[in-house]
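The structure presented is a predicted model; accordingly, all values stated were derived computationally and were not measured.
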Amino acid sequence: MSRPLLVHFAGVEEGAWRVTRLQAVKGDGLPDAPFLSMHTSPQPRHRWQLRGVVSHTRYATADEVRTLAGVQEGLGRAGSTCAALIPIRKSAAWWSLAQDERREIFEEQSRHTQRSLKYLPAVARRLHHARDLGEEFDFVTWFEFAPEHLSAFEALVEDLRTTPEWRYVEREVDIRLARAD
């Protein structure tokens with residue numbers, strides 16, 4: 001495994017991504033910001049800042065990792081001018097479960113990976129773990145897609161919000177973005 005990658009997402013006055021929508025889905029939202037920047041170091045001027053680490057796989061089996069790798073395309077594709085940043089905090093009840101119990105809800109009941117596969121490679125994604133950093137959210141998920149795949153992305157998030165896993169979400173913010181260049 002490569003070194004963990006620490007990423008800072010900040011609501012700023014100028015940045016690479018223009019915020020087109022910032023909406024609290026569950027729980028408290030975040031202050032409005034016109035742009036989002038994404039860097040590997042803290043941003044000194046921001047309206048809000050979220051941090052997360054890209055590290056080892058936590059809930060997927062080896063077969064699922066191979067399947068995802070065979071379908072998923074990377075971030076930064078030229079046509080992917082739309083993005084979404086979705087930070088999520090799960091409840092204390094979720095974190096009181098053992099790893100195998102969380103896996104049971106995540107995949108066997110909710111079929112998180114299987115549900116997501118049908119939207120790849122149109123939607124690229126990267127998960128950032130934030131709980132162990134003491135952040136206000138447990139996960140910060142980054143998605144990129146071309147404008148013609150907006151409906152696929154909408155279907156993906158709506159599909160995942162109907163699962164047993166989502167009952168454990170106590171805070172979620174949905175931030176939609178468009179490349180600013």
Side-chain angles (χ1 to χ4, degrees), residues 7 9 11 17 19-33 36 38 48-65 67-69 71-73 75 80 82-145 149-177:
V7 180
F9 299 92
W17 293 92
V19 175
T20 60
R21 186 175 87 200
L22 193 154
Q23 174 185 6
V25 176
K26 199 169 193 183
D28 293 335
L30 291 168
D32 284 333
L36 178 110
M38 181 174 30
W48 49 262
Q49 187 159 251
L50 307 173
R51 297 182 312 152
V53 174
V54 178
S55 65
H56 59 58
T57 303
R58 312 248 169 119
Y59 294 116
T61 65
D63 283 342
E64 290 163 349
V65 169
T67 300
L68 286 167
V71 179
Q72 176 66 60
E73 290 185 8
L75 300 174
S80 294
C82 297
L85 180 69
I86 302 181
I88 293 174
R89 182 176 63 220
K90 291 196 174 175
S91 67
W94 175 262
W95 295 109
S96 69
L97 297 169
Q99 175 75 11
D100 63 326
E101 294 171 311
R102 288 195 304 270
R103 165 69 192 184
E104 168 70 25
I105 295 164
F106 178 80
E107 197 56 53
E108 278 71 28
Q109 292 178 26
S110 298
R111 299 177 26 86
H112 189 109
T113 302
Q114 287 301 317
R115 287 173 185 268
S116 300
L117 279 170
K118 63 184 167 189
Y119 304 102
L120 304 179
V123 178
R125 86 284 181 268
R126 183 170 69 191
L127 179 64
H128 304 82
H129 297 272
R131 181 176 174 78
D132 293 340
L133 299 173
E135 294 292 302
E136 61 185 301
F137 292 95
D138 299 321
F139 307 99
V140 182
T141 308
W142 176 256
F143 300 91
E144 292 180 6
F145 48 93
H149 298 301
L150 174 61
S151 61
F153 178 73
E154 294 289 356
L156 167 64
V157 292
E158 290 307 315
D159 193 12
L160 292 174
R161 287 177 182 148
T162 67
T163 66
E165 175 194 3
W166 202 77
R167 290 193 305 252
Y168 290 90
V169 172
E170 65 180 26
R171 187 173 179 203
E172 177 183 347
V173 179
D174 189 331
I175 305 163
R176 299 303 175 90
L177 307 142

From OG (S110) to CG (L160), nearest 0.5 Å: 8.5 Å
Closest non-hydrogen atom pair, S96 against A93: OG-O, 2.8 Å
Minimum heavy-atom distance A33-G11, with the two atoms named: CB-CA, 3.6 Å
Side-chain donor/acceptor of T141 to backbone N/O of L127, under 3.5 Å: no
Test item: V169 and F139 side chains (from C-beta on) under 4.5 Å apart, heavy atoms: no
CA sep, side-chain torsions, deciding dist, call: L36, W48, side chain to side chain contact (heavy atoms under 4.5 Å, CB included): CA-CA 10 Å; L36 178 110; W48 49 262; 3.4 Å; yes
Distance-minimising heavy-atom pair for A60 and E64: CA-OE1, 3.2 Å
Set of residues satisfying side chain to side chain donor-acceptor pair (under 3.5 Å) with respect to R111, sequence neighbours excluded: none
Separation of W166 CH2 from I88 CD1 (nearest 0.5 Å): 8.5 Å
Validation row: F9, I175 side chains within 4.5 angstrom (heavy atoms): no
Any R102 side-chain heavy atom under 4.5 Å of I105 side chain: no
Qualifying residues under ring-ring contact (aromatic ring centres under 6.0 Å, His included), relative to H149, sequence neighbours excluded: none
Trace of the side chain to side chain contact (heavy atoms under 4.5 Å, CB included) decision for R176 with L150: CA-CA 11 Å; R176 299 303 175 90; L150 174 61; 4.0 Å; yes
Any side-chain heavy-atom pair of L133 and H128 under 4.5 Å: no
Minimum side-chain heavy-atom gap E144-R126 below 4.5 Å: no
SB check R171 D28 (cutoff 4.0 Å): no
Sub-4.5 Å side-chain heavy-atom contact between L75 and S80: no
Given K26, R161, K90, the one that forms side chain to side chain donor-acceptor pair (under 3.5 Å) with E172: R161
Least distance between heavy atoms, Q109 atom then P164 atom: OE1-CB, 3.7 Å
Trace of the side chain to side chain contact (heavy atoms under 4.5 Å, CB included) decision for D159 with K118: CA-CA 11 Å; D159 193 12; K118 63 184 167 189; 3.7 Å; yes
Side-chain donor-acceptor contact under 3.5 Å, H129 with R131: no
Distance, nearest 0.5 Å, that separates CD of E154 from CG of L156: 9.5 Å
Criterion side-chain hydrogen bond (donor to acceptor under 3.5 Å, both in side chains) on D138 and W94, from CA distance to verdict: CA-CA 11 Å; D138 299 321; W94 175 262; over 6 Å; no
Any donor-acceptor pair under 3.5 Å from E107 side chain to T113 backbone: yes
Minimal non-hydrogen separation, V140 against A130, with atom names: CG2-CB, 4.4 Å
Spatial distance of atom CD (E136) from atom CZ (R51) [nearest 0.5 Å]: 11.0 Å
From D100 atom CG to F106 atom CZ, the distance as rounded to the nearest 0.5 Å: 14.5 Å
From L50 atom CG to M38 atom CE, the distance as rounded to the nearest 0.5 Å: 12.5 Å
Residue pair L85, W17: steps toward the side chain to side chain contact (heavy atoms under 4.5 Å, CB included) verdict: CA-CA 11 Å; L85 180 69; W17 293 92; over 6 Å; no
